[in-house]
Amino acid sequence: MDFVLDPHSAPHGVPPIDFRAQLNDEQFAAVTAEPGPLLVLAGAGSGKTRTLTYRVAYLLSQGVRPGEILLLTFTNKAAKEMLHRVQELTGIEPARFWGGTFHSIGHRALRMHGEAIGLPRAFTILDADESEGVLRDAVDATDRTFFKDKTHPRPGPLHAIISMSRNTQLSLAETIRRFFPQHEGIVDRVPLFAQKYAEKKREASVLDYDDLLEHWLDLLNRSPQTREYFSHRFRHVLVDEYQDTNVLQSQIVDLIATHHRVMAVGDDAQCIYTWRGANVENILTFPDRHPGTVIHRIETNYRSTPQILALANGVLLAQPKGRAFDKELRPHRANSHKPYLVQTMDGREQAQFIVQRIRGLLDEGCSLSDIAILYRAHFQALDLQLELSRLQIPYQITSGVRFFEQAHIRDLVALLRFVYNPSDTAAWNRIAVLLPKIGDKNATKLHAAALDHARLMRQDFLDALATDDVASRVPGAAKEEWPKFVASLRQVKDMMRTMKPHNAVEIAIDGWYGDYLKGAFANYVSRLDDLKSMIGFASRYDEMQELLAQIMLLNSETSDRSADPDADALRLTTVHQAKGLEFAAVFLISLADGLFPLRRAIENNDVEEERRLFYVGVTRARDELYLCFPKVNTKGGPAMLLTPSRFLQELSTDLYQPLKMKRSYGW
């Protein structure tokens, strides 16, 4: 044993702390546990950070030196906040600890010992843009034609593929199949690109972000002396948010903590980042890799009402047996009313209900900034943004930019604007520069050439774009793509002439721009969902002129970029971005199969992570929770009947109360 358990003892220089008085029974047991492998399962709202902070203070109070503690977190902010709190408790400065993100500690380790694996001491680190530039050069040196095909991933998305493979330790082929299925056609070509990219970095003595983990793990594996140094130096290893670790990170922890004096703090039910490489198996198999693991459960929740927690526990009960740790959130607060289940006709009525209920909450004394609307995917908030803008209710989107300000939405709208009005040079310039080697100047020259030809030959502008006279002025890199680009614009125009606006939107997505999207963005699938939601939005209008006017008006109404983040405004965010936050009232929207869980998650058999997301969403609410289910989906084409989310159907009806809608949107 490393120390005698005495919660009131303190070495010289550390003031005595009454841990018993500062912690509840569960927290106290974890904080004062004997050294060894410890897995602390900290439920939502249970004081996870407090437990970890007091564990550091407790180790210090028992005579452990600051330099013997390694604290690994997922953000530098989290490490700083914890160590600042430790300083308040013990008087010991943060600089005396090794505490920070895996990447920052990896960087520090490689500076000290990297020469053991051939890394020069003076290596430099590339930022994201520089990494993509090195990769682009490596690909061009190997295959100059690769990036000319617009369906191939551009340097950014290609880097994302290679990065995911490295962080998950999956083969590139399996990574593409699982996470980037739109690029299965290039599976055989990517390994060589990854190899050449690694060679270029090595030649230049530079590291990218992923190298900080990969090389750190390599160092621990290949240099027994270094591994022994870290294991001896860091006699106590503490890991925050352990459920979010990827394969590299869990292996690094295991290699440093060969002494098994490691405390992993996390919650398997909140593992929601597998799309970033997190692996829930790390926390589930922790006891197998660290024999003798003592599991501490911190389940007293200080955030939510008992009724909200009862529903959250119902979500956990639906998890497959043997694939999760048993846990039950226990309330600390007094009883209140049950969460509400709200059925609406469609997304628009869902938005109208939410706005009306928000007004009621404000009348009851709630502030706008303490109300959140949570959704699975960005496009699901479109109707809500329109309704809030119409009624001039201030809101902030913390999961990204507002719907119509997103790059791919602006691209699509520019394409429609230009086809409708070829004199709109601003719209033309936005889409033309998406072609290879066409900048603003070239775009302007091509537009002028087409305009001259159309006037001279008394020809339609789009037809003029297809002529040899204009095509001959196109830069060489874009010549191959030009005919497809022009043909797509002409198809959209034909659709505008003969069909409804939503038909023109659909053909625009299916044409050249859809191919461009595939190569331009790593998150192609979610952006395509956004674009398809525009089909449903466009179906509300009979004339293209009306559709475009409404989009421009809405965009100007909602584009207040100078919004104060501390202002009293409603919060709109994805569940992913809401993790770690809490609100007095939460509206979880679009709870239908295909929307939450998402259709692609159902098809890919990824429903368990979606269920964990639902659990995270539910546990953001302190006082009131509204579960909203629209019965009809009008996004992406004809209206379709929806089925309530399987996560709702799994719950006992005793856990919520239905809220009936009236025509006047009362309740």
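Side chains included, hydrogens not; waters and symmetry mates left out as well; all remaining heavy atoms used. If you're wondering where the values come from, they're calculated on a predicted model, not measured in any experiment.
Residues E481 and K484 are not paired through a salt bridge, judged by the lack of any N-O separation under 4.0 Å between the basic side chain and the carboxylate. Between R540 and D383 a salt bridge is recorded (basic side-chain N to carboxylate O distance below 4.0 Å). Residues K201 and D211 are paired through a salt bridge, judged by an N-O separation under 4.0 Å between the basic side chain and the carboxylate. With salt bridges taken as basic N to acidic carboxylate O contacts below 4.0 Å, one links D460 and R497.
Aromatic rings from Y513 and Y516 are positioned such that their centres are separated by under 6.0 Å.
The minimum heavy-atom distance linking L172 with A194 is given by the pair CD1-CB, 4.0 Å. In terms of heavy-atom proximity, I161 sits nearest to I176 at CG2-CG1, 3.7 Å. A pairwise comparison of heavy atoms in D469 and S472 identifies O-OG, 2.9 Å as the closest pair. The minimum heavy-atom distance linking S539 with H502 is given by the pair N-CB, 3.7 Å. Nearest heavy-atom pair, W482 versus L465, reported as atom, atom and distance to 0.1 Å: NE1-O, 3.0 Å. Between P157 and G519 the shortest heavy-atom distance is CG-O, 3.5 Å.
Annotation: E184, atom CD; neighbour count of heavy atoms from other residues, nucleotides and ligands within 6.0 Å is above 12. Remark: E130 CD is packed, more than 12 non-hydrogen atoms of other residues, nucleotides or ligands lying under 6.0 Å away. Within a 6.0 Å radius of CG in D127, more than 12 heavy atoms belonging to other residues, nucleotides or ligands are found. Counting heavy-atom neighbours within 6.0 Å of R189 CZ, excluding the residue itself, gives a total above 12. Within 6.0 Å of the CD atom in E543, the count of heavy atoms belonging to other residues, nucleotides or ligands does not exceed 12. More than 12 heavy-atom neighbours from other residues, nucleotides or ligands sit within 6.0 angstrom of CD on E174.
At a threshold of 4.5 Å between non-hydrogen side-chain atoms, the residues S590 and Y375 do not count as touching. When side chains are defined from C-beta on, F74 does not count as touching Y273, because their heavy atoms never get closer than 4.5 Å. Contact annotation: the side chain of D568 never approaches that of P394 to less than 4.5 Å [non-hydrogen atoms, C-beta and beyond]. Contact check for W512 versus L435: side-chain heavy atoms found under the 4.5 Å cut-off. Looking only at side-chain heavy atoms (C-beta outward), R376 and V575 stay at 4.5 Å or farther from each other. Using a 4.5 Å heavy-atom cutoff, the side chains of R612 and V616 are not in contact. L588 has its side chain within reach of F596: a pair of non-hydrogen atoms, C-beta onward, lies under 4.5 Å apart. Between R410 and V413, every side-chain heavy-atom pair lies at or beyond the 4.5 Å cut-off.
Distance alone, capped at 3.5 Å, is enough to place a donor-acceptor pair between the D593 side chain and the R646 backbone. Using a distance-only test at 3.5 Å, with no hydrogens or angles considered, no donor-acceptor pair links the side chain of R357 to the main chain of V355. Judged by distance alone, the side chain of R473 and the main-chain N or O of L446 form no donor-acceptor pair under 3.5 Å. For the pair D208 (side chain) and L126 (backbone), a donor-acceptor distance under 3.5 Å is absent. Remark: the backbone N or O of A471 is paired with a side-chain donor or acceptor of K479 at under 3.5 angstrom. Side chain of S165 to main chain of T175: no donor-acceptor pair is present (N/O by atom type, distance under 3.5 Å, no hydrogens or angles). Remark: the backbone N or O of L613 is not paired with any side-chain donor or acceptor of H576 at under 3.5 angstrom. Counting only distance, with no hydrogens or angles, the side chain of N279 and the backbone of N246 share no donor-acceptor pair below 3.5 Å. No side-chain donor-acceptor contact under 3.5 Å links K148 to the backbone of A477. The backbone N or O of K150 sits less than 3.5 Å from a side-chain atom of R154, completing a donor-acceptor pair.
Residues passing the ring-ring contact (aromatic ring centres under 6.0 Å, His included) test with F647 are F614, sequence neighbours excluded. Every residue two or more places apart in sequence or in another chain that forms a side chain to side chain contact (heavy atoms under 4.5 Å, CB included) with N604 is listed here: R600, D606.
We find the NZ-CG distance between K518 and D149 to be 10.0 Å, quoted to the nearest 0.5 Å. Rounding to the nearest 0.5 Å places CG of D411 at 4.5 Å from CZ of R430. The line from CE of M457 to CG of D463 is 11.5 Å long, rounded to the nearest 0.5 Å. Atom CG of L170 sits about 5.0 Å away from atom CZ of R178, to the nearest 0.5 Å.
At a cut-off of 3.5 Å, with distance as the only test, a side-chain donor of D210 or S163 sits close to an acceptor on the other residue. No side-chain N or O of Q352 forms a donor-acceptor pair with one of Q356 less than 3.5 Å apart.
Within the structure, ring-ring contact (aromatic ring centres under 6.0 Å, His included) pairs that include any residue of residues 129-173 comprise F146-H152, F146-F193, H159-Y197 (at least two apart or interchain).
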message = L531 vs I409, test: side-chain contact (heavy atoms from CB on, under 4.5 Å). Steps then yes/no.
response = CA-CA 7 Å; L531 292 179; I409 299 297; 3.9 Å; yes
inquiry  = Applying side-chain contact (heavy atoms from CB on, under 4.5 Å) to L548 and N421, what does each step give before you reach the verdict?
reply    = CA-CA 11 Å; L548 294 174; N421 173 20; over 6 Å; no
key: Check against side-chain contact (heavy atoms from CB on, under 4.5 Å), F404 and L386   = CA-CA 10 Å; F404 288 112; L386 299 178; 3.8 Å; yes
request  = Check the pair T573, L581 against side-chain contact (heavy atoms from CB on, under 4.5 Å), reporting the backbone distance first and the verdict last.
outcome  = CA-CA 11 Å; T573 179; L581 304 178; 5.7 Å; no
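Across N523, D530, D529, a single residue satisfies side-chain hydrogen bond (donor to acceptor under 3.5 Å, both in side chains) together with R527, and that is N523. Exactly one of L598, T574, I373 qualifies for a side-chain contact (heavy atoms from CB on, under 4.5 Å) with Q380. That residue is L598.
Using a 30° and 60° split on the angle between ring planes, F587 and F353 fall in the perpendicular class, above 60°.
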